[in-house]
Peer 1: 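My structure is below; once you've seen it, I'll send some questions.
A note on names: the letters A, B, ... follow the listed sequences, proteins ahead of strands, and every chain is numbered from 1.
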Amino acid sequence: MPELPEVETIARGVDQRVRGDLIRDVWFGSKREPFKNSPARQAKGLEGRTILGVERIGKHIVMHLSALSQPSSEGLRREARPPHAVAAGLPHAVAAVPGQWIVHLGMTGRLLVTTPDAPVAPHTHARLTLSSGRELRFVDPRRFGRLEFRDLAKTKAFAAPGAEPLQIGPEAFAALFRGRKLAIKAALLNQSLLSGVGNIYADESLFRAGIRPRRQAGRLTHEEWERLRLALREVLQSAIRLGGSSVSDYVDANGVRGFFQLEHRVYQRFAEPCLVCKTPIKRIVLAGRSTHYCPHCQH
DNA sequence: CATTTCACCTGGTGGC
DNA sequence: TGCCACCAGGTGAAAT
């Protein structure tokens with residue numbers, strides 16, 4: 001389900017509503033699927049900690065947690081610092097033994113802030129009771145999502161391996177692809193090169209850059225790489241502004257759908273006329289994924 | 001090592 | 001209404 005814009009929207013929404021809150025109690029609904037480390041370990045890492053902030057890294061949602069038994073910090077709640085500031089430097093009051101809860105939504109995962117009495121959806125795998133009276137829930141029918149707790153005192157800081165598409169500059173972007181033989185779309189989807197791009201935004205950015213998805217990544221011209229970098233940035237930023245794409249059931253932390261699906265120009269528009277030239281949109285399978293492009297506008 | 005394919009899951013849709 | 005094939009925003013292990 002969620003790619004960079006959807007994950008960003010959810011992370012911002014969750015951050016807004018739970019930053020500074022204290023996790024009173026944690027409930028996990030199943031023992032196996034979504035847990036990279038055991039539910040017991042995760043509960044131990046979460047309970048009694050204060051949520052310092054929530055941010056997106058690649059397609060991961062990273063919740064920064066205070067050391068155990070730290071009092072809920074009013075200062076932090078008021079400050080409303082941008083999420084990346086939390087990662088950049090934790091305040092010394094809580095820097096001793098912080099931890100991180102890392103949520104990956106897979107295809108169908110949702111992270112929702114609700115009231116405790118809201119009906120519990122099927123496939124709810126985690127419920128965090130917060131001292132403010134809110135509840136944070138993780139719901140994931142297909143169970144491709146993953147939950148993990150990390151203790152920074154014992155492991156190195158979490159970082160997605162790939163570059164952030166919204167930050168990367170022209171030279172670094174070109175360097176990702178130079179010399180590679182795989183299709184440019186497959187390269188865009190490779191999270192160890194770029195982190196955050198998925199099937200929708202790969203197709204949409206290639207259309208906007210006028211590049212066919214099957215082209216060899218290493219054989220694009222420098223100008224094409226740059227067009228692609230800018231198209232990708234533009235498409236991701238627009239999608240974030242519109243709250244992401246709701247293709248079937250995606251909703252943000254407040255249960256609200258996104259609107260970027262209305263801006264899709266090729267994704268899931270097979271056989272429909274290209275919005276630029278009226279040529280029917282093609283659909284192929286590439287890297288095992290449904291792939292859409294305009295045979296006239298993309299070269 | 002680079003690249004491709006497939007399994008992992010559930011649920012929705014459309015054809016018969 | 002039922003059954004079946006096919007499709008879906010992702011990823012990592014296994015195969016090539």
Peer 1: Nearest whole angstrom, please: distance from the P of dA8(C) to the CZ of R110(A).
Peer 2: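 From R110(A) CZ to dA8(C) P: 19 Å.
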
Peer 1: Mapping L189(A) and Q268(A) to their closest nucleotides on DNA chain C, which lands nearer the 5' end?
Peer 2: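 Looking at the nearest nucleotide for each, Q268(A) comes out on the 5' side.
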
Peer 1: Show your working on side chain to side chain donor-acceptor pair (under 3.5 Å) between S290(A) and R283(A) and close with a plain yes or no.
Peer 2: CA-CA 7 Å; S290(A) 179; R283(A) 177 188 178 277; 3.0 Å; yes

Peer 1: Is the gap between the ring centers of Y267(A) and Y201(A) under 6.0 Å?
Peer 2: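 Distance test on ring centres: not under 6.0 Å, no.
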
Peer 1: What is the separation between atom CZ on R56(A) and atom C1' on dG10(C), rounded to the nearest whole Å?
Peer 2: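 Rounded to whole Å, this separation is 16 Å.
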
Peer 1: If the cut-off is 4.0 Å, is H104(A) near the phosphate of dT11(C), judged by side-chain N/O to OP1 or OP2?
Peer 2: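 Yes, because at least one side-chain N or O of H104(A) sits under 4.0 Å from OP1 or OP2 of dT11(C).
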
Peer 1: Could you state the atom-to-atom distance from CD1 of I200(A) to C1' of dC7(C) in whole Å?
Peer 2: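 It works out to 14 Å between those atoms.
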
Peer 1: Is there a side-chain polar atom (N or O) of R143(A) under 4.0 Å from OP1 or OP2 of dT10(B)?
Peer 2: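 For dT10(B), OP1 or OP2 has a side-chain N or O of R143(A) closer than 4.0 Å.
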
Peer 1: Please report, rounded to the nearest Å, how far the C1' atom of dT11(C) is from the CG atom of L193(A).
Peer 2: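 Taking CG of L193(A) and C1' of dT11(C), I get 14 Å after rounding.
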
Peer 1: Using Watson-Crick pairs (N1 to N3, plus N6-O4 or O6-N4) and G-U wobble pairs, both distances under 3.5 Å, which stems of at least 3 pairs involve DNA chain B?
Peer 2: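 Runs of three or more consecutive pairs: B:2-8 with C:10-16, B:10-16 with C:2-8.
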
Peer 1: Say you pick atom P in dA5(C) and the same atom in dA7(B); how far apart are they, in whole Å?
Peer 2: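 After rounding to an integer number of Å, I get 16 Å for this pair.
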
Peer 1: Report which part of the nucleic acid G198(A) touches: base, sugar-phosphate, or nothing (heavy-atom distance under 4.0 Å, all strands).
Peer 2: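 Result for G198(A) = sugar-phosphate.
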
Peer 1: Does R142(A) place a side-chain N or O at less than 4.0 Å from the phosphate oxygens OP1/OP2 of dG11(B)?
Peer 2: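 For dG11(B), OP1/OP2 do not have a side-chain N/O of R142(A) under 4.0 Å.
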
Peer 1: Could you please spell out the steps behind the salt bridge (charged side-chain N to carboxylate O under 4.0 Å, His left out) verdict for E164(A) and R56(A)?
Peer 2: CA-CA 10 Å; E164(A) 276 289 335; R56(A) 174 195 64 77; 3.0 Å; yes

Peer 1: Can you tell me the distance, in whole Å, between the CD atom of E6(A) and the P atom of dG10(C)?
Peer 2: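 My rounded result for the distance is 9 Å.
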
Peer 1: Tell me whether F144(A) and dC8(B) count as stacked here, given that the ring centres must be under 5.5 Å apart and the planes must differ by less than 30 degrees.
Peer 2: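 Aromatic stack with dC8(B) present for F144(A).
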
Peer 1: What is the distance, rounded to the nearest whole Å, between atom CG of L4(A) and atom C1' of dT11(C)?
Peer 2: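 It works out to 16 Å between those atoms.
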
Peer 1: Could you check whether S246(A) gets within reach of a base, just the sugar-phosphate, or nothing at all, counting any heavy atom under 4.0 Å?
Peer 2: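 Base contact - S246(A) has a heavy atom under 4.0 Å of at least one base atom.
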
Peer 1: Roughly how many Å is it from CZ in F177(A) to P in dT3(B), rounded to a whole number?
Peer 2: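 It works out to 12 Å between those atoms.
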
Peer 1: For dC9(B), take OP1 and OP2 only and decide whether either is under 4.0 Å from a side-chain N or O of H123(A).
Peer 2: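 It does not, given that no N or O in the side chain of H123(A) lies less than 4.0 Å from OP1 or OP2 of dC9(B).
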
Peer 1: For the side chain of R269(A) and the backbone of R265(A), is there at least one donor-acceptor N/O pair under 3.5 Å apart?
Peer 2: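 Such a contact is found between R269(A) side chain and R265(A) backbone.
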
Peer 1: So which pairs with a foot in residues 187-207 of chain A pass salt bridge (charged side-chain N to carboxylate O under 4.0 Å, His left out), sequence neighbours left out?
Peer 2: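 Qualifying pairs: K185(A)-D203(A), E204(A)-R208(A).
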
Peer 1: Can you tell me the distance, in whole Å, between the CE atom of M107(A) and the C1' atom of dC9(B)?
Peer 2: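 About 10 Å, once rounded to whole Å.
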
Peer 1: Can you see if the side chain of K59(A) gets near the phosphate of dT11(C) - specifically, an N or O under 4.0 Å from OP1 or OP2?
Peer 2: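 The answer is yes; a side-chain N or O of K59(A) sits under 4.0 Å from OP1 or OP2.
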
Peer 1: By the 4.0 Å heavy-atom rule, please label Y267(A) as base, sugar-phosphate, or nothing.
Peer 2: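 Y267(A): backbone/sugar contact only, no base atoms under 4.0 Å.
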
Peer 1: For the hydrophobic clusters of this structure (ILVMFWY residues joined by side-chain heavy atoms under 4.5 Å, transitively), does one cluster hold both L206(A) and L220(A)?
Peer 2: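 As far as the 4.5 Å side-chain criterion goes, L220(A) and L206(A) are connected within one cluster.
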
Peer 1: Looking at every heavy atom in both W101(A) and Q42(A), which two are closest together, and how far apart are they?
Peer 2: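 Smallest interatomic distance, heavy atoms only, reads NE1-OE1, 2.9 Å.
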
Peer 1: Is R137(A) paired with E135(A) through a side-chain N to carboxylate O contact shorter than 4.0 Å?
Peer 2: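 Here E135(A) pairs with R137(A) in a salt bridge, since their nearest N and O are under 4.0 Å apart.
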
Peer 1: Examine dA8(C): is either OP1 or OP2 under 4.0 Å from a nitrogen or oxygen in the side chain of R283(A)? Give yes or no.
Peer 2: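 R283(A) to dA8(C) OP1/OP2: side-chain N or O found under 4.0 Å.
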
Peer 1: Among dT3(B), dT11(C), dA8(C), which is the nearest nucleotide to the side chain of S290(A)?
Peer 2: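 Minimum distance to the S290(A) side chain belongs to dA8(C).
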
Peer 1: Would you mind telling me which of dA2(B), dG10(C), dT4(B) lies closest to the side-chain atoms of L182(A)?
Peer 2: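 Minimum distance to the L182(A) side chain belongs to dT4(B).
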
Peer 1: Any luck finding a side-chain donor-acceptor pair between N37(A) and R150(A) under 3.5 Å?
Peer 2: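 No, no side-chain donor-acceptor pair sits under 3.5 Å.
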
Peer 1: Using atom C1' in both nucleotides, what's the gap between dG11(B) and dG12(C) to the nearest angstrom?
Peer 2: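 Rounded to whole Å, the distance is 23 Å.
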
Peer 1: Taking atom P in both dC7(C) and dT5(B), what distance in whole Å separates the two?
Peer 2: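 These two P atoms come out 16 Å apart once rounded.
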
